[in-house]
Every structure is written in C-alpha cells, then in structure tokens.
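Worth knowing before you read on, the calculation uses all heavy atoms, side chains too, and leaves out hydrogens, waters and symmetry mates.
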Amino acid sequence: MGLENIGGWEFIVIILVGLFIFGPDRLPKAISDGVKMLRQLRQMARNATGDLSKELGTDIQLEDLHPKTFLRKHLLSEEDEAALRKPLQGIYDDVRGVADQVKRDAESAASAAKSVTSPSAATPAPAQQPAIRASWDDVT
C-alpha cells in the first residue's frame, strides 16, 4: 500500500490544503501524528488476525475477515460448498443455454436483415421519371 494512485497534481493539492488547514507551523506535527495513527491501526489489525488465527487454529489473513470469505475458507468444507452450489448450478446452466440461443438467433436475424437491405448488383436501379412542372397558367 502506498502512494501509487496519487498523481503529482493531487499530491500538491493535498499539501496546499494541509497548509491552509493546519498552517506551516503545525503541518509537520499533523503529518507525523497521522503516520503514527496509521501504524497503530495496522498493528492492531495484525494483532487481531494473529489472535483469531490462534483461537481457530488456522492461518488467517486480513482479507479473510470478510464474512463470506471467512465462511467459505474456514467453516465450510469443499463438500459442503459443492452441496450448496449444486441446486443453483443447474439453473445457471439452463439460463446460460437460453442466453446463448437468444444471442445466436439475434445474430442470424441481424445477418439476414443486413443481406435483405443491401442492394445487389443484379437488380437495376429504377428509372427516374421527369418531374412535372406546374406553370402559372395551370394554377390560374
């Protein structure tokens, strides 16, 4: 984790905002306090995951603390997970098959419509009839 996502201009704006809020005298102290707070938060997270790993008897990473990931990785066996997924897998396969068929039908209809609307070289263009001009005498 670092400053990879912050560009040069964004970094300058952050520094300027910090100068306006804290002033040039208190800005270094505010930065050091923020860095200390981040270090303490990281250490607390490491301690919590370490304690949880000891209690459960498995190796837990910080990413594993998401409830879904935690259940999947530590409480469900592979057989339990497969049994939970089995009813939904058949429905998913059916929906996927119908979606693929609809896509194929739409593509064939589009290609048929394209071939009907494109003019072929074998049919001659219709002859244009001369326009009929109305004169002043025809109107009166």
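- Checked against side-chain contact (heavy atoms from CB on, under 4.5 Å), L38 has no partners two or more places apart in sequence or in another chain.
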Could you list the donor-acceptor pairs under 3.5 angstrom formed by side chains in residues 94-101, with sequence neighbours left out?
from : atom 1 : to   : atom 2 : distance (Å)
R96  : NH2    : Y92  : OH     : 3.4
Q101 : OE1    : R104 : NH2    : 2.8
Q101 : NE2    : D105 : OD1    : 3.0

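- Scored by the side-chain contact (heavy atoms from CB on, under 4.5 Å) test, E55 finds no partners at all (sequence neighbours excluded).
- Within the structure, salt bridge (Lys or Arg N to Asp or Glu O under 4.0 Å) contacts touching residues 18-38 (residues at least two apart or in different chains) are K29-D33.
- Between atom CG of residue L16 and atom CZ of residue F11 there is a gap of 11.0 Å, rounded to the nearest 0.5 Å.
- Taken together through direct or relayed side-chain contacts under 4.5 Å among Ile, Leu, Val, Met, Phe, Trp and Tyr, L27 and V17 form part of one hydrophobic cluster.
- Considering only residues two or more places apart in sequence or on other chains, Q40 meets the side chain to side chain donor-acceptor pair (under 3.5 Å) condition with none of them.
- The hydrophobic clustering, which links ILVMFWY residues whose side-chain heavy atoms are closer than 4.5 Å, places I21 and I31 together.
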